[in-house]
Student: 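First the structure, which I've put down as structure tokens, then a few questions once you've had a look.
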Amino acid sequence: MLQTTFLDYIYENPLMNASGVHCMTVEELTALENSAAGAFITKSATLAPREGNPEPRYADVPLGSINSMGLPNNGVDYYLDYALKYQMNHEAPLFFSVAGTSVDENIALLQKIQDSDFQGITELNLSCPNVPGKPQVAYDFPLTEKILTEVFQFFTKPLGVKLPPYFDMAHFDQMAEILNKFPLTYVNSINSIGNGLYIDPESDQVVIRPKEGFGGIGGEYVKPTALANVRAFATRLKPEIKIIGTGGILTGQDAYEHLLCGATMLQIGTQLQKEGPAIFERIAQELEAIMKKKGYQSIADFRGKVKTIN
Ligand SMILES: CC(C)(C)CCc1c(C(=O)O)[nH]c(=O)[nH]c1=O
């Protein structure tokens with residue numbers, strides 16, 4: 001009932017982890033393999049391993065989470081090694097995330113993947129930092145177009161981009177116009193809402209050490225923004241660019257709403273961090289129950305069919 005075709009492969013369901021959550025180590029990735037998740041993705045990798053920011057750098061809070069991890073990861077070779085082993089005895093394509101801390105590093109990372117035997121799907125995290133004083137890459141439209149132009153000179157494998165949220169109709173239009181120029185497999189929207197601040201009510205203190213407590217926000221807080229971004233891109237991008245919906249998925253109803261907005265695959269971050277991989281079974285069951293109640297046999301029956309008020 002939840003079968004989902006993505007890039008010519010039929011996944012059991014559209015549910016997967018969001019990059020960064022439960023995907024840093026082989027152990028965590030293996031647990032996702034063994035869960036009810038239809039697919040899964042690795043932690044955004046850089047060329048060299050990175051320690052990341054000093055802890056505490058992640059905090060669960062009542063309505064979501066806040067993080068300023070600083071891109072801790074075991075380096076691209078660690079994840080490529082895992083990916084090449086994984087694809088030897090699994091059919092379902094693995095999603096592989098990369099996030100260079102410079103344009104050059106992004107190109108080097110993708111060149112490495114292009115030259116490898118990796119057969120899965122690559123996700124370029126465009127929330128990666130830019131030169132100090134300039135906004136993240138995905139908020140720098142000319143730079144985004146420059147990077148994608150350079151990438152598609154040599155990269156021929158399936159590629160998606162992970163985007164931060166946008167909050168202005170002109171930005172949806174401008175970003176979609178750029179993305180429509182490239183043979184992208186998908187757009188993953190949204191990444192955490194950048195630079196939020198959470199204060200502990202007991203201690204009057206922020207809850208993460210880096211950046212004086214400023215960090216990306218996930219969880220319930222972000223669903224309306226996530227749904228808007230999914231819908232905005234689903235209605236602006238050429239049909240061959242699919243949408244992966246991420247942000248604020250805690251229940252089957254949240255998953256259903258992302259699908260109504262036009263998402264094909266669904267990524268879960270904060271609530272996976274809170275609940276563990278058992279969440280995939282729960283959300284799959286809740287989503288199936290909603291579909292049954294509404295008389296749908298497949299997701300294709302309602303994907304993208306959110307109603308407006310005419
Ligand atoms: C924010 C960056 C560190 C530039 C990229 C990695 C990342 C992080 C992170 O590793 O801090 N956290 C997120 O919520 N989203 C991300 O894309």
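For this chain, numbers begin at 1 and follow the sequence in order. Each ligand, and each atom within it, is numbered from 1 in the order the structure gives.
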Student: Any nitrogen or oxygen of Ser68, side chain or backbone, less than 3.5 Å from one on ligand 1?
Tutor: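 Not met; the criterion fails.
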Student: Quick one: does Gly216 get an N or O within less than 3.5 Å of an N or O on ligand 1?
Tutor: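 Such a contact does not occur with ligand 1.
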Student: With a 4.5 Å limit on heavy-atom distance, are the side chains of Phe233 and Leu179 in contact?
Tutor: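 Touching, per the 4.5 Å side-chain cut-off.
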Student: Run the ring pair (Phe, Tyr, Trp, His ring centres under 6.0 Å) check on Phe40 and Phe280 step by step: do they pass?
Tutor: CA-CA 11 Å; Phe40 60 99; Phe280 294 110; 9.5 Å; no
Student: Taking non-hydrogen atoms only, is Thr101 closer than 4.0 angstrom to ligand 1 via side chain, backbone, both or neither?
Tutor: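 Under 4.0 Å from ligand 1, Thr101 contributes no heavy atoms.
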Student: At a 4.0 Å threshold, what atoms of ligand 1 neighbour a non-hydrogen atom of Asn191?
Tutor: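 Reading through ligand 1 atom by atom, the close ones are 13 (C), 14 (O), 15 (N), 16 (C), 17 (O).
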Student: When the ring centroid of Tyr139 is compared with that of His171, is the distance short of 6.0 Å?
Tutor: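 Centroid separation for Tyr139 and His171: 6.0 Å or greater.
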Student: Side-chain contact, heavy-atom cut-off 4.5 Å: Gln3 with Ile299?
Tutor: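 Gln3 vs Ile299: side chains apart.
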Student: Heavy-atom contacts with Ser192 under 4.0 Å: which atoms of ligand 1 show up? List them by number with element.
Tutor: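 Once the distances to Ser192 are compared, the set is 13 (C), 14 (O), 15 (N).
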Student: Side chain, backbone, both or neither: which part of Asn125 comes within less than 4.0 Å of ligand 1 when only heavy atoms are counted?
Tutor: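 Within the 4.0 Å criterion, Asn125 contacts ligand 1 through side-chain atoms alone.
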Student: Suppose I only count heavy atoms of Leu71 and a 4.0 Å limit; which atoms of ligand 1 are within that range?
Tutor: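 Numbered from 1, ligand 1 contributes 3 (C), 5 (C), 6 (C), 9 (C), 10 (O), 11 (O).
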Student: Has ligand 1 got any nitrogen or oxygen that is less than 3.5 angstrom from a nitrogen or oxygen of Gly70?
Tutor: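 By distance alone, the answer is yes.
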Student: For Cys128 and ligand 1, does the shortest N/O to N/O distance drop below 3.5 Å?
Tutor: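 No, no N or O pair falls under 3.5 Å.
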Student: If you measure from the Lys or Arg side-chain nitrogens to the Asp or Glu carboxylate oxygens, is any gap between Glu257 and Lys223 under 4.0 Å?
Tutor: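 Salt bridge present between Glu257 and Lys223.
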Student: Ligand 1 versus Lys43, non-hydrogen atoms closer than 4.0 Å: side chain, backbone, both, neither?
Tutor: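 The part of Lys43 near ligand 1 is the side chain, not the backbone.
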Student: Consider every N or O of Ser127 and every N or O of ligand 1, then say whether any pair is closer than 3.5 Å.
Tutor: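 Such a contact does not occur with ligand 1.
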